[in-house]
Amino acid sequence: MDASLPALVVVVPMLAAILTALAGRWWRRHAWPVALLATAFAAAGSLRILWRAVHEGVVLYRMGGWPVPTGIPYRIDLLNGIVLAMVACVSFLSVLWMRESVKREIRQAGQASYYAVVLLFTTGFLGITITGDVFNLYVFLEIASITSYVLVAMGRRREGLFAGYQYLILGSIGATFVLIGIGHLYMATGSLAMTDIAARLSGALVDHPSVVHTSFAFITVGLAIKMALFPLHSWQPGAYTYAPSSASLLMAATATKVAAYAFYRFAFTVFGTHYVTARLPQVMDGIMVMAAAAMVVGPLFAVRQDNLKRMLAYSSVGQIGYVVLGAALVNASAMTGSIAHFWNHAASKGALFAVVGIVVLRSGSPHIDNLRGLGRRAPWTAAAMTVAALSLVGVPLTGGFVTKYYLALGTLETGRGVLLAFILLSSLLTAVYMWRCLQRVWFADPDLEPAVTREAPWTMRVATLTFGAACLVFGVFAWIPVDIASAAARALLGEN
Amino acid sequence: MLEFLLSHYNYAIYIALMMIGLYAILARGNLVKKIIGLNILQTAVFLFYISIGKVDRGTVPVIWPAGERPPGFENVPYENPLPHVLMLTAIVVGVSVTAVALALIVRIKAAYGTVEEDEILEADELRDREGDA
Amino acid sequence: MDPLLVTIVNDLLLAILVGLAIASVRLPDLLGAVATLGAYSLVMAILWCRMNAVDVAFTEAAVGAGISTVLLLAAISRIGRHERRTPRTVASRGRSQLARFGAIVVCVVTAGALLYGTKDMPRVGDPSAPATTHPGVAVHYLTKSAGPEGEVGPPNVVTSVLGDYRSYDTLGETVVIFTAGLCVVLLLRQAQSVRRRRRAVEAGPELQR
Amino acid sequence: MGLALASLVTDAGPALSVGLCLLAIPLIALLRNRPNLREAASLGVATLNFLLVAAIYAAHGRGETIPVEVFRITDDLRVAFRVDDLGLLFALTASFLWILNTLYSIGYMRAHHEHKQTRFYICFAASIAAAMGAAFSSNLFSLFVFYEALTLVTYPLVIHAETPVAKAGARRYLVYLLGLSIAFQLPALFMVKAYGGTFEFHAEGLLRTSTASAGVLSLIFVLFLLGIGKAALMPFHSWLPAAMVAPTPVSALLHAVAVVKAGVFTVSRVVFHVFGVKLLGDLGVHEVLVFAACFTIVTASLIALAQDNLKRRLAYSTIAQLSYILLGVGLLVPDAQVGGLAHIGFHAAAKITLFFCAGAILVATHKTLVSQLDGIGRRMPITMGAFTVATLAMIGLPPTACLVSKWFLVEGAAEGGHGLVLAVLVVSTLLNGAYFLPIVWRAFFRPSPDGETGWKEAPWPCVVALSATALLTIGLFFFPGIVLDLARGVVTAAGGVR
């Protein structure tokens, strides 16, 4: 069991999806428990795998028992251990959260299929994260993408359909670019296994340098579309705004960050630290500029939104900048901050989208004014939102501060103190738009009728509070994520 | 130069096809046309992969038992099978994306009454303005 | 066949591909465009057949030229066959000009990057290319998979790789099909229910539940 | 045995003190429906906390103790406490005045029938917990955490009334304090770690071994000055008058006990224990602080002259008085530094008296403007008597404690040959007199406009509290030893021995 856990973590949600989809017609009420169990298994399994990766080193699972370049390996080190646990836990909490929301937002006959799509979505992202084979990564990328498009299109408003379509077009271009990049990589090295490519890359760089460079360019651009890195983020606000609340929650907390993970994996494991620093310093500088711009532009747009979902979507555009900046700086401290941000952002954005989903459930619309009354009528939800907002801003004792601290240290250590200004400006702008929300939550005019009149159902409340608590845990007991993230960063950079 | 061009002719064609597809996706306003473009783009990539696996004078990678190969083919190499395998997967993925896209288009037509991008955008903008007012 | 003739035929097919692609993109009649796309896929399949990728050629003929075309035709039958070529308003004309300009820029940059990539590529058919010579991958599959003593068995190496060495990809591929089917059903069923509801509204309030 | 007990107290004391104040929060929340018990709990915790701090003071010898880690956030970020003279100075001041402030709040809030009193007392307790944490923090990160926490927990106090004016004032309060600390203090913090290698305070300055260039170090210092908004250096002072919308006990808390004192305390920490007197002297960047403080003293006093609202006039007085402290610390002359630090305690006692009096007047007569105070001294003799004592302190006249600190300041300035500073001190003393003495004169020597002459003091808890702080102001004049010794301890450890 323990040995085949890496395969099971992906396969169990996959089978559960097929089960719910096929049996859904007779079994409608059981779709949610099945999905919950499957994601719970994935969450527990991925935490166990992470534990093994921390204590025993890289976990390798060879599909079908074939040796590495011949067959497809699953390879979990600290970096994707972290991301795997993030995806699985977020999926579990999201599924726990979504029962009431799905009842409200999805037509009854489609609910079982909807859960199946959610499970396939999870499967896709788990697969991307866990695999050690670049083409296998592409296959799971497509599973994740197709389900994302459809999840967006399941929204109640017709804008969701077009948002889903636009996402499909851009997402497919991105995926095709990744496929082109993988093709070039295969052409130059003859291999698809990540570690094997890495080993043969120095030879490839001598014989076919331009092929390798082109490969890097296309993979980077393709993943940049997938992670909505400014200025390739145009699909994202619409997608998050019009998707059903449950899909927004799931996607916002996982999707773009997994693409960012894939970038880390390609840049530092497949192409290698030496390649990106010695051969492509200007490219990394360019990515750094994009990340810094994203950190400011995202919040700048978020400040002006009255639709909470759109506000949070633009916020994500900014937050992905934090994740990418660490990679672009190629510095252990900065990368520690960025890798820790996989968890920190999942926790804070998960909590915020969960709260917005509750607001939509209770008041019918994600308009910012519908937050009024939350503090009085739904204090638990409001508390989770407050903590998450503080974490997003980066107040000490929340996860967000830890991210910012290590990123800032990294900028100073690499002599790019100017970037500090971007980090701080981003924090200030984040404080502005989160403050607009919190003020309505806690200090709304008592004469106005509250828009949210009662607390969320218990499933939602438990999930939301867990997300909120995670923001605090990752801020107060930050050594848990930071120790792992720091070891992961050092391993990627080849330092010890 | 000419020799290089000839020996990389496949690649030049695949780039040309890709650009045709990409241009159609980005510049065409009709949602179906974009999907046609996407199809061309994907097929171009398939061509690229198959070209990677090509070996001079190669044959189909179906292995003959030792010593039973027909005369004249004893030393003929086999094509690289791996790109073929990858592209089998990719073709299926491509058609899956097409199917989902078409289903979306059918829904969009039902909801908006049109499949022209500009008309849809205008309808959305109109609705936003009304929403604000 | 004379190798030169082979080359000429192949190159001719490639040129035809480009022509068909352009035609498919430019034809204002969607039905015609889809038919052209089908022809394009078919020519592509022939080309792959000539490049000894028979499995891929079959699949492309069946899936790319067959199923895709059917799907596109089915969709067109529900949404109408004519593409509107003239922008409706000044704003949309501006937008479409911008899109066209942006598309050209993106295409030029992408093509530039790809052309740069071809600079150091091994030529097509180079027997010493890394993809052909990797002992653990291509060579392994060709030398160790087939035959009674082979690791897998079937003479067709593509089958062996598909079904065993990289069977996990194949599982993923199956899941992709499943996902797509599920998604299409989910989307279209939602459409049916919308239409039914609208019909109920038109029929009058007493029919609504 | 005694020694072991003493070290136990100094090791565990700070954490206990913070914990005790935090413990008050659930206690108050539980007793929310029983106001008497709720207030008794507040007062009890306040008293216990002061006794604890006093015990720490008694157990603490000279110098500083070894930091005790409360918890580790990451390897770099640790919340840790230790006891030293500067911390004790702030902690003693805040914890003692908190008792009186709580007592006063009880009278004020009840007489005023304020809403949401439970939230008020909870935030009150939380803010004192944050102040204790800041006082005993042994590293810059820890201090920053409590500094920020103080901002966040005092926000509900400032917005207490929830009227549009209160909301506007509270927004300015938050925007300034949080904005400045994110924009300037946070980068300074990061830079200290990057260029100094540690957050731990050192008696001679943690940056003393830094290899960073003088320009970078000067930049860090300036960032700190800009970022520590609570010190109310101009031009980042306007949150303080805006926060006057809060109930008077809150103003007292902000001005005397916790918030602004946390600001000057943090600046002192930066001067003494982050940079160190020697490094600052070498850099010469302390001149920035001196000039800013001088400018603030004069400007704030001039603005105070024009204020008719009593609380606003007091607010501008606070801005000026805070800069005395900053001036003293920034001169880098030992005597001036002793004076500046001692002023933390002395000014607190006097200024809290003034706010108590303003609140008492409001409760008893609903008057808020200086021009309405004619003849009030005859109706509220105790209140106005205390007010007069505190006024003398603000000007720096005997028999009040502030004379002592001012004396040190003047001596230090003369010693350092700072003619400009001396001139500023003289001018500001005159200005202080000019805007405070007319109030006293009005109160006692102008006839009451409506002819009312009967006694009408505020509720007894208010009167007791303000009398106590007035007496304290006088008492510290005769016995300034505790405060002065602590201030001297700080300066001596920093290498300013003569």
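The sequence lines fix the lettering, A, B, ..., with proteins before strands; numbering per chain opens at 1.
- The part of A:Y406 that comes within reach of chain D is its side chain, from C-beta onward, which places non-hydrogen atoms under 4.5 angstrom from that chain.
- The candidate with the highest count of non-hydrogen atom pairs below 4.5 Å against chain D, out of A:V482, A:L428, A:L425, is A:L428.
- Only the side chain of D:R119 comes within less than 4.5 Å of a heavy atom in chain A; its backbone stays farther off.
- A heavy-atom distance below 4.5 Å is found between the side chains of D:I182 and A:V393.
- A 4.5 Å side-chain heavy-atom check between A:F401 and D:F144 finds at least one atom pair inside the cut-off.
- Between the CG atom of D:D76 and the OG atom of A:S333 there is a distance of 7.5 Å, given to the nearest 0.5 Å.
- Between D:L174 and A:W435, the closest side-chain pair of non-hydrogen atoms falls below 4.5 Å.
- A distance of 9.5 Å separates CG of A:L438 from OH of D:Y155, quoted to the nearest 0.5 Å.
- Taken from CD1 in A:I423 to CG in D:L186, the straight-line distance is 9.5 Å, to the nearest 0.5 Å.
- Residues D:I73 and A:F477 fail the side-chain proximity criterion, which asks for heavy atoms closer than 4.5 Å.
- Between A:L420 atom CG and D:F190 atom CZ the span is 6.5 Å, to the nearest 0.5 Å.
- D:F184 does not touch chain A: none of its heavy atoms, backbone or side chain, sits under 4.5 Å away.
- Ranked by heavy-atom pairs shorter than 4.5 Å toward chain A, the options D:R72, D:R171, D:E148, D:K193 are led by D:R72.
- Residues A:L424 and D:A183 share a closest heavy-atom pair of CD1-O, 3.9 Å.
- The candidate from D:A194, D:A149, D:P187 with the greatest count of non-hydrogen atom pairs under 4.5 Å with chain A is D:P187.
- Looking at heavy atoms from C-beta onward, A:L412 lies in side-chain contact with D:Y195 at the 4.5 angstrom threshold.
- Residue-environment remark: CZ (D:F221) exceeds the threshold of 12 foreign heavy atoms within 6.0 Å.
- Within the 4.5 Å cutoff, the side chain of A:V395 has heavy atoms near those of the D:L152 side chain.
- How far CE of D:M191 is from OG1 of A:T411: 9.5 Å, rounded to the nearest 0.5 Å.
- The aromatic rings of A:Y405 and D:F199 sit tilted relative to each other, their planes meeting at an angle between 30° and 60°.
- In this structure, no portion of A:V432 lies under 4.5 Å from any heavy atom of chain D.
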